[in-house]
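Here the structure comes first, spelled out in structure tokens, and everything after it is commentary.
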Amino acid sequence: MEFESVDDVRKRLESVNYIPSREIATVVFLASATNKPILVEGPAGAGKTELARALARCMKRQKIRLQCYEGLDEAKALYEWEYAKQLLYTQMIKEKINDLIAGASSLTEAIDKIAEQENAFFSERFLLARPLLQAISSDKPVVLLIDEIDKSDPEFEAFLLELLSEFQVSIPELGLRKAKNIPMVILTSNNYRDMSDALKRRCIHLYIDYPERELEKRIVCLKIPGIEKRLVDKMVNAINNIRNLDLKKRPCISETLDWAQALMVLQINDLSPEVLSETINVICKYQADINLVRASMEKIFK
């Protein structure tokens, strides 16, 4: 289901428990209308991957995810030949192969006869589709999530350009494969390295930052039903003050939600320096950050 307007994007995302900013809703609408990928950047835990999941749910599409990493190549992202299966079939039809080359007068002629049948071995039945090929081969439109593209090598990023420009790929043994349906493509980046200008030109850019206070409160109340509003107010104020500290990793909305869940499990309905100190491990992921927060309680609860 395509989107009718920016407001339609907002309403449908909220219907699947994702509260977008006006900027997010606008970028999603434009990407959907123009068939352009979205390059989503921002700190880890800000909700980049969750946006792709929410889009798949509200558009009633399958989500296909490609997790990027250093050393990722075309074979892992696009397709592989099932050589073991090809070998098994070869063993099973060994007699037929002997019949095929029975009349050959030389090794060259035998090879030529076998080569005439190569389409039988390099066909769809032996092709193992990976996420990129799955996305463009799907009979129904999908949401393609290319997660943490910044962790892949520049060579792989260059390979993606054809796919993102023309939504087609070349398979040497089978020829050109064009998308049956153009997928909604979301690429995420944690700024591990800079993306190339060529890739950025093909995408609509979106930066998801730490949410504004009121938006963060809405998200917490939506994701953690039953939590008291007074506690949410104190939590969000504390989280924002913690983000102002010189931390190695500032907490994102994901940590805020984890903290809220932890307080609910502990049946804590009020916030104090003691409570923060006891539950700080849910918020901070480095011991130096934990120590700094514990030493900065006056700033956090001012």
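The hydrophobic clustering, which links ILVMFWY residues whose side-chain heavy atoms are closer than 4.5 Å, places Val236 and Ile268 together. Hydrophobic clustering (ILVMFWY, side-chain heavy atoms < 4.5 Å, transitive): Leu51 and Val220 are in distinct clusters. One hydrophobic cluster holds both Phe301 and Leu263 under the rule that ILVMFWY side chains link at heavy-atom gaps under 4.5 Å. Linking Ile, Leu, Val, Met, Phe, Trp and Tyr whenever their side-chain heavy atoms come within less than 4.5 Å leaves Ile149 and Tyr207 in two separate clusters. Hydrophobic cluster membership differs between Val6 and Ile19, with clusters built from Ile, Leu, Val, Met, Phe, Trp and Tyr side chains linked at under 4.5 angstrom.
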Pair Arg250-Ile242, side chain to side chain contact (heavy atoms under 4.5 Å, CB included): steps then yes or no: CA-CA 7 Å; Arg250 292 187 288 172; Ile242 290 172; over 6 Å; no

Candidate pair Val40 and Val27, rule side chain to side chain contact (heavy atoms under 4.5 Å, CB included), full reasoning: CA-CA 10 Å; Val40 189; Val27 167; over 6 Å; no

Verdict with reasoning, Ile300 to Leu245, per side chain to side chain contact (heavy atoms under 4.5 Å, CB included): CA-CA 9 Å; Ile300 296 170; Leu245 300 176; 4.2 Å; yes

Test side chain to side chain contact (heavy atoms under 4.5 Å, CB included) applied to Phe167 and Val185, step by step: CA-CA 10 Å; Phe167 290 102; Val185 182; 3.8 Å; yes

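Although no hydrogens or angles enter the test, the distance criterion places a donor-acceptor pair under 3.5 Å between the side chain of Asp153 and the main chain of Gly71. In this structure, Asp73 contributes its side chain and Lys76 its backbone to a donor-acceptor pair below 3.5 Å. Proximity of a side-chain donor or acceptor of Glu255 to a complementary backbone N or O of Cys252 within less than 3.5 Å is detected. Side chain of Asn241 to backbone of Asn237: a donor-acceptor contact under 3.5 angstrom is found. The backbone N or O of Val282 lies less than 3.5 Å from a partner atom in the side chain of Lys285, making a donor-acceptor pair. Side-chain atoms of Ser138 do not come within 3.5 Å of backbone N or O of Gln134 as any donor-acceptor pair.
Looking at Lys229 and Asp233, a side-chain N of the basic residue comes within less than 4.0 Å of a carboxylate O on the acidic one, giving a salt bridge. Salt bridge annotation for Arg22-Asp7: present, with a cationic side-chain nitrogen under 4.0 angstrom from a carboxylate oxygen. We find that Glu2 and Arg61 are joined by a salt bridge, their nearest charged nitrogen and carboxylate oxygen being less than 4.0 Å apart. A salt bridge is absent between Glu214 and Arg218: the closest approach of a Lys/Arg side-chain nitrogen to an acidic carboxylate oxygen does not fall below 4.0 angstrom.
Checked by atom type, the side-chain pair Glu216/Thr256 shows a donor-acceptor distance below 3.5 Å. Judged by distance alone, the side chains of Ser272 and Glu274 do bring a donor and an acceptor atom under 3.5 Å apart. Side chain to side chain, Thr188 and Glu148 fail the donor-acceptor criterion of an N or O pair below 3.5 Å. For the residue pair Ser196 / Glu157, a side-chain donor-acceptor distance below 3.5 Å is found, with atom types taken as modelled. Looking only at atom types and distance, the side chain of Lys151 has no donor-acceptor partner in the side chain of Asn190 under 3.5 Å away.
Within the 4.5 Å cutoff, no side-chain heavy atoms of Asp8 are placed close to those of Phe29. Between Asn240 and Asn244, the closest side-chain pair of non-hydrogen atoms is not below 4.5 Å. Taking 4.5 Å as the limit, every side-chain heavy atom of Ile283 sits out of range of all side-chain heavy atoms of Val293. For the pair Ile24/Arg10, no side-chain contact is recorded, criterion being any heavy-atom separation below 4.5 Å from C-beta on. Looking at Ile253 and Leu215, their side chains never come closer than 4.5 Å, going by heavy atoms from C-beta outward. Using a 4.5 Å heavy-atom threshold, the side chains of Pro131 and Arg65 count as separate. Counting only heavy atoms from C-beta outward, the side chains of Tyr69 and Ser152 never approach each other to under 4.5 Å. In this structure, Trp259 and Leu276 have side chains that are in contact, with non-hydrogen atoms separated by less than 4.5 Å.
Heavy atoms only, all atoms of each residue included: Ala25 and Pro20 are closest at N-CB, 4.4 Å. When every heavy atom of Ala54 is checked against every heavy atom of Leu13, the shortest pair comes out as CB-CD2, 3.8 Å. Across every non-hydrogen atom of Ile280 and Ser277, the tightest pair is CG2-O, 3.3 Å. Counting all heavy atoms, side chain and backbone alike, Glu50 lies closest to Lys223 at OE2-NZ, 4.2 Å. Pairing each heavy atom of Tyr286 with each of Lys249, the nearest pair is CE1-CB, 3.9 Å. Taking each heavy atom of Tyr192 and Asp150 in turn, the nearest pair found is N-OD2, 2.6 Å.
Separation of atoms CZ (Arg201) and CG (Leu161) is listed at 8.5 Å; rounding is to 0.5 Å. Between the NZ atom in Lys48 and the CD1 atom in Ile208 there is a gap of 7.0 Å [rounded to 0.5 Å]. Between the CE atom of Met184 and the OG atom of Ser32 there is a distance of 4.5 Å, given to the nearest 0.5 Å. A distance of 5.5 Å separates CG in Leu72 from CG in Leu66, rounded to the nearest 0.5 Å. The CD1 atom of Ile204 sits 12.0 Å away from the CG atom of Leu187 when rounded to the nearest 0.5 Å. The structure places CZ of Phe3 at 4.0 Å from SG of Cys58, a figure rounded to the nearest 0.5 Å.
Crowding of Asp197 atom CG: a count of heavy atoms from other residues, nucleotides or ligands under 6.0 Å not exceeding 12. Within 6.0 Å of CD on Glu4 lie no more than 12 heavy atoms contributed by other residues, nucleotides or ligands. No more than 12 heavy atoms of other residues, nucleotides or ligands shown are found within 6.0 angstrom of NZ on Lys248. Counting heavy atoms of neighbouring residues, nucleotides and ligands inside a 6.0 Å radius, atom CD of Glu70 does not exceed 12 of them. Remark: Glu212 CD is loosely packed, at most 12 non-hydrogen atoms of other residues, nucleotides or ligands lying under 6.0 Å away. Heavy-atom contacts from other residues, nucleotides or ligands closer than 6.0 Å to CG of Asn17 number more than 12.
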